[in-house]
Structures are given as C-alpha cells and as structure tokens.
Amino acid sequence: MGLNSFFTSACNYKRVAAVFIMLFVVSCSEPRDVLYKEQIFVFGTIVEINIWGQTQKAKQAAAVITEDFRFMHQAFNPWQGGSLSRMNEIFPTKFAFSVSPTILPVILESKELSSQSNGLFNPAIGRLVKLWDFDVATLDATALDSNLTLNKKIEKRTPPDPKLISDLVLKNPTMNNVLIEGISIRSDHADLALDFGGIAKGYAVDMAIQTLQEFGIDNAIINAGGDLRAIGQRDNHNWTVGIRHPRGKGIIASIEINQDESVFTSGDYERFFEYEKKRYHHIIDPRTGYPVEDVISVTVIHPNATIADAAATALFIAGPQQWHAIAKSMGIKLVMMIDDKFNIYMNPAMAQRLTFEPNKKFNITLSPPL
Ligand code: ADP
Ligand code: MG
C-alpha cells in the first residue's frame, strides 16, 4: 500500500480509539512525508513541481511558481506581445529605451555566457531562429498526445531560403551589440533580436527554486520537460533522475543528485522536421546559420540551472571536437555528449556520476578531466 492510500484508509476507518483518531487527524491535515506534485504547460513543455513533505507550504509555493512561470512564458516570448517582443521591435531603430526589469538579469547573464562560449551560445540571433521558425515557445497543450508526451515533430516543412540564411549569418549580431547603461538599453545593430529559448527555461527553474527556498522548502525538484534542478532529498534518500534516451523510449542513464544540482539536456529531438530524409532541428550554429549536424544530445550538470541550460546549448553547437575547450572556458565540470553514431563523449567525473541502463551498448570515449 502506498503512503497516500494508507493515510486515506486510516483516515476513513471509524471504529478506532479516540486518542488514535486524534493523532491521525493531525497527520491527515498535514501529512509530512508525501510528494506534492503539480503540472503546468509553459515554455512549450510540461513543467512539474515536485515537493517532498510540507504539503501546506508546498501548495502555496506551487501557486506562486505557477503564476511566475505563466508571467515569464509571456515576457520571454520573442515575437508575441510580451516585454521581450516589445524590445525586439525597438532594437532595429537603435534608439535607447528602459529595459524591462524581468528581462535585464537574463540579458546580463547571456552576455557573460555568450562570451565564455566564444559566441556559440548567441541569443542575439533571434532573426535567424525566427527564419527557421520552430516556434518552440508557442508550442501549446494541443501538442500533447494521450500519454502527455509532446509531439515534437513538425509536419510538412521545408528549410528556409539559403540566401536569407547566409545574409543573416554575414550580419552576425552578437550580445556585444546590446549596450546597457543603468536601466537604459539599445542595440547598435539593425538585425539584432533576442531569443532566450536556450536559457529561459533554466532561468525560470532557478527562480522557482529561489521561491521554494523563500518558503522554507528544502526538498524539491522543478522538472521542465526533463530539464531540472533538484534540492535536498526525498525521504532521506538522494533524488535520482533519468536522462532520456535521445532516440526511442525510456532513459539512457540515471544520476543521483548531490544536494543541489541542475541537469539540462539539449537534444535534436526537442523540435524538428524532416525534409528529403534529413532532420532539421532547433539548435542553430551561428557560424553556418543551419541546425548543428553530427550531435544528437548534450547533458550538463551544474549547480545553477541558467548556466546548465545555456551550456548544454553551447556545447551541442561546439560538437565532438570543441566541447571540451568550451566547457573549460564556461567553467562546466560535468558533460555528456552523444553523436549521431551513438558515440558517447564525456569527462571522467561525469562517467562516475552516471549509471547506464543495462543492455544498452554505447561506444564511450573519456576526455581528459575538466
Ligand atoms: P531544448 O532544451 O529544448 O533542447 P535548448 O536549451 O538547446 O533547447 O535551446 C534551443 C533553443 O535555443 C532554440 O529553440 C532557440 O530558441 C534557441 N537557440 C537556437 N540556437 C541558439 C544559439 N546558437 N544560441 C542561443 N540560443 C539558440
Ligand atoms: Mg539550453
């Protein structure tokens, strides 16, 4: 019998001694050791709030987080009616304006992460991302099938005109073209538009964990479609999370979380279409203007979800040749990359953290330590 059903049946049982009932009334009104779960659909994915124990506080905190997520979902949409979309309208004019306080921290963080990644993580390529039009942010609940799994394959699409792609690549807007003085912001590049699809989920997860901590909640996971940050434990055991297999069903490996860590994966299966037997997905190499080839997924573990999110995107673009150097320059200590031939590349510390599923054979290459 699960803990919940035990409480339910015990609470319904009427012929027990009064003192026993009183003890259980206390337990039923505030069960301490249960998992509180809530799901919301934002950022084109299902976000699950999991809180161990503290049910009353959990409900209140989850309500605040849900509202914050909905607000951020709107604010970070690059083209449809929120703070960022208004900023993207003004940037080409090169006029200065007051930056939205919701967006400013993400811009500052993005500048840093973009420069550490040698421009591979480049949220300034919003126009290029729009040209490819994977529309990740606006995926809605209609993309869910009956098993609550997202249908991420887009039907009947063709790649954009190569000339439009190469024009935008030549223009090369970067985060250095976003100029900030106090709360005043402007762009000095007519083709700059910001797209935070590679970092917003991580930032929102960090905000949610901060909210939980302000509520005094120590044991929780915020899971945004497999990208997550976990704090504390569950029932005095470390949380264990799975890394989804980039093809097929199930997980490829599991990881035990060490107190407070984020696990973020960038994959070519998140949003894609096929054209003439070739897969086109939503992670764009700013140097070519095309989706990255050869890599199918990158997983990063880092204490901070914002950094883990941006780094997974950057290392995906860096590919098997460059990921190690870029991870070093971004201060990332735990990385696993899977290429399109199912070769796995990772650093030794990451190998120690992962428990691979039995019966799944991969060719593993260990890099020097990070
Ligand atoms: P997911 O977690 O969904 O696999 P990522 O975190 O890797 O996705 O982010 C992919 C999203 O990031 C794209 O949908 C797009 O909005 C944006 N993006 C694509 N290419 C880049 C890039 N080179 N730098 C920064 N953001 C990018
Ligand atoms: Mg990312």
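One-based numbering, in listed order, for ligands and for the atoms of each.
Considering only non-hydrogen atoms, atom 21 (C) of ligand 1 lies nearest to Ile284 out of Ile284, Thr265, Val292. Scanning Asp285, Asn122, Val298 for the heavy atom closest to atom 24 (N) of ligand 1 points to Asn122. Summarising the contacts of atom 5 (P) of ligand 1 with Thr313, Ile199, Asp195, Leu194, the nearest heavy atom is found in Thr313.
The distance criterion of under 3.5 Å between nitrogen or oxygen atoms is met by Gly198 with respect to ligand 1.
For Asp167 and Lys163, the salt-bridge test passes: some basic side-chain N is under 4.0 Å from an acidic carboxylate O.
Ring-plane geometry between Tyr203 and Phe76 is classed as perpendicular, the angle between the planes exceeding 60 degrees on a 0 to 90 degree scale with a lower cut at 30.
The part of Lys201 lying near ligand 1 is the side chain, judged by heavy-atom distances below 4.0 Å. The proximity of Ile317 to ligand 1, defined as any non-hydrogen pair under 4.0 Å, is limited to the side chain.
Judged by the shortest distance from any of its heavy atoms, Ala312 lies outside the 4.0 Å radius around the atoms of ligand 1. Ligand 1 is approached by Leu120 to a heavy-atom distance shorter than 4.0 Å. Heavy-atom distances between Phe121 and ligand 1 reach below 4.0 Å in at least one pair.
Put simply, Leu179 and Leu104 are part of two different groups of oily side chains (I, L, V, M, F, W, Y) that touch within less than 4.5 Å, one to the next. Cluster membership for Ile251 and Ile301, using ILVMFWY side-chain heavy atoms within less than 4.5 angstrom, is not shared. The same ILVMFWY cluster, assembled from side-chain heavy atoms under 4.5 Å apart, contains both Val169 and Phe134.
Remark: ligand 1 atoms within the under-4.0 Å shell around heavy atoms of Gly267 are 4 (O).
Using a 4.5 Å heavy-atom cutoff, the side chains of Ser114 and Asn176 are not in contact. Side chains of Asp218 and Trp52 form no contact here, defined as non-hydrogen atoms less than 4.5 Å apart. For the pair Asp309 and Phe121, the minimum side-chain heavy-atom distance is 4.5 Å or more.
Within 6.0 Å of CZ in Phe356 there are more than 12 heavy atoms belonging to other residues, nucleotides or ligands.
Taking distances strictly below 2.8 Å, the protein N/O/S atoms close to the Mg ion (ligand 2) are Gly198 O, Asp309 O, Asp309 OD1, Thr313 OG1.
Residue pairs meeting the ring pair (Phe, Tyr, Trp, His ring centres under 6.0 Å) criterion with at least one partner in residues 298-329, sequence neighbours excluded, are His281-Phe316.
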